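In this text, all values refer to a predicted model and were calculated from it rather than measured experimentally. Convention: sequence-line order gives letters A, B, ...; per-chain numbering from 1.
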Amino acid sequence: MEKVFTGIRKMISSGREGESFDIRGWIYRTRSSGSIVFAVMRDATGIVQCTVKKSEVSSEDFEQAARALIETSVECAGRLKADARAPGGYELIVTSFRVVSFAEPFPITENQSEPFLLDNRHLWIRSREQTAIMKIKETVLGGAREWFAENGFCEVTPPILTTNACEGGTTLFPLKYFDQNAYLSQSAQMYLEALTFSLEKVFAVTPSFRAEKSRTPRHLTEYWHLEGEEAWVNNEGNMLIQEELVSHIIGSVLRKRKEELALLKRDAEGLRTVEPPFERITYERALSLLSERGMNIKWGDDFGTEEEKVLTLEAVKPVFVTNFPKEIKAFYMKEDKSDSRTYSCADLIAPEGFGEVIGGSERETDVRKMISRMEEQSIPLEPYRWYLDLRKYGSVPHSGFGLGVERLVKWVCKLDHIRDAVPFPRTPSRIYP
RNA sequence: GGCUCCGUAGUCCAACGGGCAAGAUAUCUGGCUGUUAACCAGAUGAUGACCGUUCGAAUCGGUCCGGAGCCGCCA
């Protein structure tokens, strides 16, 4: 008969003292003392101390347990026993200890530098912290998909290989596409716009690439982009969607990932207040708030890290900043009806200094306005011919936004650096492992 | 793109107004029947590369390579 293995968490929460269990996993910590070996075992669900006594197992099993280093993979059997001395309150008194594969000395030990850990990222991701972050990220993505599904959005699959040199061609990764020049996508927005003309409300989760040499705690060269696009929705409706979506995601994490948040020492109190509506302030109002606080910033300047930090100093929820001056935003945005110096757009800034998480706007529908802006900024029309076409065949008001998944995870987990929000971070100086 | 800093055992670090490269941890050996990232004793193991200054360079200077932090750009 096939052996049935029990997950460690399930075994412990069963509380069935005296019962025999088979578990399998990896050695997380090990200590030995002559004729007793304590091997703390880890699997995908939890950890438990396995106590291997010389008197309880065969001499061969004992010798293997004594020899096994951290990260050795093991299948073992034993009786569950409550013991205050064991971490977690329970231990397994081992009756059989079978090594699946011995581990060489594990390079990751107590005192480690960031560069070394990043060089060994393929091993570092086994840590409990990294595992907790990945579980939370899974819930962020799952929560988003759940909300989109409940609200009539259709998930679509835009291309990653493109020829559009979006705004600022210098930030794209170029590649050879047979005999043509192509790029890795920086945003699926334009393709999503094309899809709204049939599906009306769409979203996509795709990798996005930025070839900027940005060395900051909130930039990756490859990141996951969650983008939504909605027909018949103006900028205000766009913000309603964003605040509901973000609140739903946070709610899912608070509901399903209490243990992981606790393991990361993330105080969840601030997250609990995240419910619609989020505060909305115009760029102009933000300018005067900043100058009241002694910051020297004038119309047409974009907000930097420091400005975003100051703007959300007292906020507990994310804040929308609307109506940015046209000169600092993209050509495809729609001019604001009440303030023609600005676009109908909004950036969502996370509190506690975590910075911009979403950029969104209502899109321009007037093809002539769009073309004249492109000419002013010397953006070539030819690559965008198909995009301009969208305005010629029954254009409708529409809006959309892009959310940086890792930026959201960074805020939710209160991480120091965005690279921990992704298992294998790509930054200007790292593409290995 | 701009500014700043750092490369010493597998790893984390000390020594740097030039003179025997110290410690911690990991690993190995021995000891220990209840450890809590166990403890005790011993062992193995290192100055990023090249050039220069000097009687003598981890230490001073130059070039290169690698990495980190801050700002800009953004999600």
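In this structure, A:R67 is positioned above the aromatic face of A:F102, its NZ or CZ under 6.0 Å from the six-membered ring centre and within 45° of the axis.
Counting atom types as modelled, A:S214 pairs a side-chain N or O with a base atom of B:C73 as donor and acceptor under 3.5 Å. One cannot find a donor-acceptor pair under 3.5 Å joining the base of B:G10 and the side-chain atoms of A:Q112. Scanning atom types as modelled, one donor and one acceptor separated by under 3.5 angstrom connect the side chain of A:R215 and the base of B:G69. Contact of A:R407 with B:C74 (side chain to base): a donor-acceptor pair of N or O atoms is detected under 3.5 Å.
Residue A:G355 is out of contact with every strand shown, counting any heavy-atom pair closer than 4.0 Å. In this structure, A:F116 reaches the sugar-phosphate backbone alone: every heavy-atom distance under 4.0 Å involves primed, P, OP1 or OP2 atoms, never a base. When heavy atoms are screened at a 4.0 angstrom cut-off, A:Q49 is found touching base atoms of the nucleic acid. Heavy atoms of A:K213 sit under 4.0 angstrom from at least one base atom. Across all strands shown, A:T221 has no heavy atoms under 4.0 Å from either base or sugar-phosphate atoms. Among the atoms of the strands shown, none is found under 4.0 Å from any heavy atom of A:L408. Counting non-hydrogen atoms under 4.0 angstrom, A:S35 reaches a base of the nucleic acid. Contacts of A:E227 with the nucleic acid, taken as non-hydrogen atoms under 4.0 Å apart, are absent. Note on A:I108: nothing from the nucleic acid sits closer than 4.0 angstrom, heavy atoms only.
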* Start with the C-alpha gap between A:E236 and A:R280, add the side-chain angles, then the distance that decides, and say whether salt bridge (Lys or Arg N to Asp or Glu O under 4.0 Å) holds. => CA-CA 10 Å; A:E236 181 53 35; A:R280 289 138 168 78; 3.4 Å; yes

* Given the rule in the salt bridge (Lys or Arg N to Asp or Glu O under 4.0 Å) test, do A:R85 and A:E91 qualify, once you have shown the distances and angles that lead to the verdict? -> CA-CA 9 Å; A:R85 292 168 296 187; A:E91 63 181 6; 5.4 Å; no

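Taking the C1' atom of each, B:A22 and B:U59 are spaced 15 Å apart, rounded to whole Å. Using C1' as the reference atom, B:A24 and B:G19 are 26 Å apart when rounded to the nearest Å. Between B:A57 and B:C20, the distance separating the two C1' atoms is 15 Å to the nearest Å. A gap of 16 Å separates the C1' atoms of B:U11 and B:U47, to the nearest Å.
The stacking criteria are not both satisfied for A:F38 over the base of B:G34, which would need a centre-to-centre distance under 5.5 angstrom and an angle between ring planes under 30 degrees.
Place A:S55 and A:G404 on RNA chain B by their nearest nucleotides, and A:S55 ends up nearer the 5' end. For the pair A:R419 and A:K329, both in contact range of RNA chain B, the more 5′-proximal nearest nucleotide belongs to A:R419.
Using cut-offs of 30° and 60° for the angle between ring planes, the A:F153 and A:F203 rings count as perpendicular. Aromatic ring pairs are classed by plane angle as parallel below 30°, tilted from 30° to 60° and perpendicular above 60°; the pair A:Y283 and A:F324 is tilted.
Rounded to an integer number of Å, the gap from CD of A:E104 to C1' of B:C28 is 15 Å. The interatomic distance linking A:M295 (CE) with B:C71 (C1') rounds to 13 Å, in whole Å. Taking atom CZ on A:R121 and atom P on B:G67, their separation rounds to 16 Å, with Å as the unit. Taking atom CD of residue A:E212 and atom P of nucleotide B:A75, one finds them 9 Å apart after rounding to whole Å. When rounded to the nearest whole Å, the span between CZ of A:F203 and C1' of B:A75 equals 18 Å. At whole-Å resolution of the value, OH in A:Y28 and P in B:A37 are 9 Å apart. Atom P of nucleotide B:C74 and atom NE2 of A:H225 are separated by 13 Å, given to the nearest angstrom. The distance from atom NZ of A:K81 to atom P of B:G34 is 13 Å, rounded to the nearest whole Å.
Taking every side-chain heavy atom of A:L69 into account, B:U27 is the closest of B:U11, B:U27, B:G67. Nearest nucleotide to the side chain of A:R29, out of B:C71, B:A75, B:A37: B:A37. With B:G67, B:A75, B:C73 as the candidates, the nucleotide lying closest to the side chain of A:D302 is B:C73. Side-chain proximity of A:T305 to the nucleotides B:C71, B:U11, B:A37 is greatest for B:C71. Closest contact between the side chain of A:P105 and the listed nucleotides B:C73, B:A26, B:A68 involves B:A26. Looking at the side chain of A:S429, the nearest of the listed nucleotides B:G34, B:A37, B:G67 is B:G67.
RNA chain B forms stems at B:1-7 with B:65-71, B:10-12 with B:23-25, B:27-31 with B:39-43, B:48-52 with B:60-64, each a run of 3 or more consecutive Watson-Crick or G-U wobble pairs whose two key distances fall under 3.5 Å.
At a threshold of 4.5 Å between non-hydrogen side-chain atoms, the residues A:K213 and A:H219 do not count as touching.
A salt bridge links A:R257 with A:E260: the distance from a Lys NZ or Arg NE/NH1/NH2 to an Asp or Glu carboxylate oxygen falls below 4.0 Å. Using a 4.0 Å cut-off between charged side-chain N and carboxylate O, A:E364 and A:K329 make no salt bridge.
For A:T109 and B:C12, the shortest distance from a side-chain N or O to OP1 or OP2 is not below 4.0 Å. At the phosphate of B:U33, neither OP1 nor OP2 sits under 4.0 Å from any side-chain N or O atom of A:K53.
Within 6.0 Å of the CD atom in A:E292, the count of heavy atoms belonging to other residues, nucleotides or ligands exceeds 12.
Remark: aromatic rings of A:F331 and A:Y384 are close, center separation under 6.0 Å.
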